[in-house]
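For the single chain, residues carry numbers from 1 onward in sequence order.
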Amino acid sequence: MTSPIAVVVLAAGAGTRMKSALPKVLHPLAGWPMLRHVLGNVGRLKPSRIVGVISPGAEVVAAAFAPHPTVVQKRPVGTGDAAKAALGALRGHRGPVLVVFGDAPLVTANSMRRLVVACRSSRAAVGVLGFKARDPSPYGRLIVHEGVLEKIVESKDANVVEKAIDFCNSGVMCLDGGLIAGLLGAIRNDNVKREFYLTDAVVLARAAGHRAIAVAGEEEEFQGINSRAELAAAERALQEQFRAAALAAGVTMTDPGTVWFSADTRLSADVSIGPCVRFGPGVSVAGGTQIKAFCDIEGARIGRGALIGPFARIRPGSEVGEDVHIGNFVELKATRMARGAKANHLAYLGDSDIGAASNIGAGTIAVNYDGYGKHRTVVGAEAFIGSNSSLVAPVRIGRGANVTAGSVITEDVPDGAVAFGRARQTTKKGRAAPLRAKLKARAAAAKRTKK
């Protein structure tokens with residue numbers, strides 16, 4: 001009753017309805033390829049092995065399965081044949097074998113666990129997750145009599161009575177590891193499509209005197225993804241889950257429907273988020289942080305009490321310390337902002353280290369790219385960088401230094417120094433009106449020439 005679980009993930013489908021060169025199971029969903037969601041969900045069951053079934057030449061899909069092994073379904077002749085391709089990788093396994101689809105990322109670990117537990121407790125040879133469908137017409141029907149799953153009837157093959165049944169097949173199946181080889185080997189392709197259907201395992205198990213069961217789940221979990229529209233629907237469903245979880249965990253959102261998360265977004269209690277904020281993969285935000293409207297954050301850690309935005313962009317590799325201010329139209333890339341540092345508006349800080357309590361003025365640019373390589377800018381603690389300054393990396397600004405507005409800094413600035421690098425201003429009194437007259441005449445002449 002406690003034998004280990006094995007999982008077979010079917011990911012050999014062509015995905016033609018996606019109309020994409022990217023394999024279907026690698027299309028992104030909440031910042032992750034959908035296959036990663038599936039592997040994460042089955043991984044929570046702590047299976048002894050996970051085996052992926054892929055199509056020929058799908059090396060990129062095999063890489064997404066790593067470190068789990070993959071096998072190849074040589075020809076696309078049905079789900080039964082795909083599951084059969086995994087038998088070699090299951091050799092020696094006698095516990096339950098869970099078969100899931102790589103394009104069904106919303107099926108929860110809890111539902112799969114309930115199926116496995118039910119199969120173990122009832123000693124069923126085959127178990128299937130089913131659901132009550134609002135519109136059952138596209139789905140196979142689960143024919144259950146006195147608690148026993150008798151068969152699965154495809155929608156196109158259902159008679160009038162069977163079509164009225166709304167208990168439908170999710171595609172998730174659990175098979176007895178000691179019987180799976182015999183059941184899959186007995187599946188035939190004597191049907192219109194000449195394919196081997198995994199669902200036939202139910203009838204074959206019953207015919208051999210074994211028990212088959214169906215376990216009910218929620219329809220929302222069983223959204224397969226075969227098109228861009230279905231991918232968008234799954235994205236909406238996941239985002240609603242993430243928003244609800246964030247609110248329940250003590251996060252404030254002014255307009256939750258406009259906040260978009262990645263699957264790995266981590267928010268502490270007392271984070272406040274304004275409207276129209278996107279979190280890409282790899283973001284964690286500590287408590288007491290306020291993220292104002294229209295911010296885009298990816299691959300970054302935000303410290304406690306930070307103030308971000310509005311209209312801020314924080315790119316991968318950035319670390320924002322406690323009580324840091326990142327204001328409107330400020331962009332960070334691979335930049336570390338130490339505690340209390342401020343860049344309140346209109347700045348680009350790429351590949352930079354900004355010291356504690358330093359102030360970065362409006363229009364400041366860390367000039368990090370010379371056309372061939374990226375270089376770092378280091379600003380010491382309590383330094384002041386005046387507006388419209390360009391810090392040409394690699395360069396170091398010392399602790400407590402002051403860079404005056406409009407400077408182009410190409411050399412290191414010592415601690416406590418004042419640095420400026422700009423053209424000397426020249427003022428010619430009374431020359432503004434003649435200059436305007438000259439420019440006006442030049443423009444008029446150019447206009448006459450065009451005629």
Donor-acceptor pairs are to be reported for all side-chain atoms of residues 68-89 against protein atoms at under 3.5 Å, with residues two or more places apart or in another chain.
residue	atom	partner	partner atom	Å
Gln73	NE2	Arg75	O	3.2
Gln73	NE2	Gly78	O	3.1
Gln73	NE2	Asp81	OD2	3.0
Thr79	OG1	Leu198	N	3.0

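Of the residues listed (Val107, Val7, Val215), the one engaging Met112 in a side chain to side chain contact (heavy atoms under 4.5 Å, CB included) is Val107, and it is the only one.
In this structure, a donor-acceptor pair under 3.5 Å is absent between the side chains of Thr108 and Asn110.
Checking side-chain atoms of Ser407 against main-chain N and O of Ser389 turns up no donor-acceptor pair under 3.5 Å. The main-chain N or O of Met18 is found under 3.5 Å from a side-chain atom of Arg228 such that the two form a donor-acceptor pair.
By the salt bridge (charged side-chain N to carboxylate O under 4.0 Å, His left out) test, Arg315 is found to be paired with Glu331, residues two or more places apart in sequence or in another chain being considered. Remark: Glu154 pairs with no residue by the salt bridge (charged side-chain N to carboxylate O under 4.0 Å, His left out) rule, at least two apart or across chains. Scored by the side-chain hydrogen bond (donor to acceptor under 3.5 Å, both in side chains) test, Arg236 finds no partners at all (sequence neighbours excluded).
Side-chain contact between Met34 and Leu231 is present, with at least one heavy-atom pair separated by less than 4.5 Å.
Each salt bridge (Lys or Arg N to Asp or Glu O under 4.0 Å) pair with one or both residues in residues 18-43, not counting sequence neighbours, appears once here: Lys24-Asp103. Residues in residues 262-290 take part in these salt bridge (Lys or Arg N to Asp or Glu O under 4.0 Å) pairs, two or more places apart or across chains: Arg278-Asp296, Arg278-Glu298.
In this structure, Phe294 and Phe311 have parallel ring planes: the angle between them is below the 30° cut-off, well short of the 60° mark.
Taking the ring centroids of Phe222 and Tyr139, they lie at or beyond the 6.0 Å cut-off.
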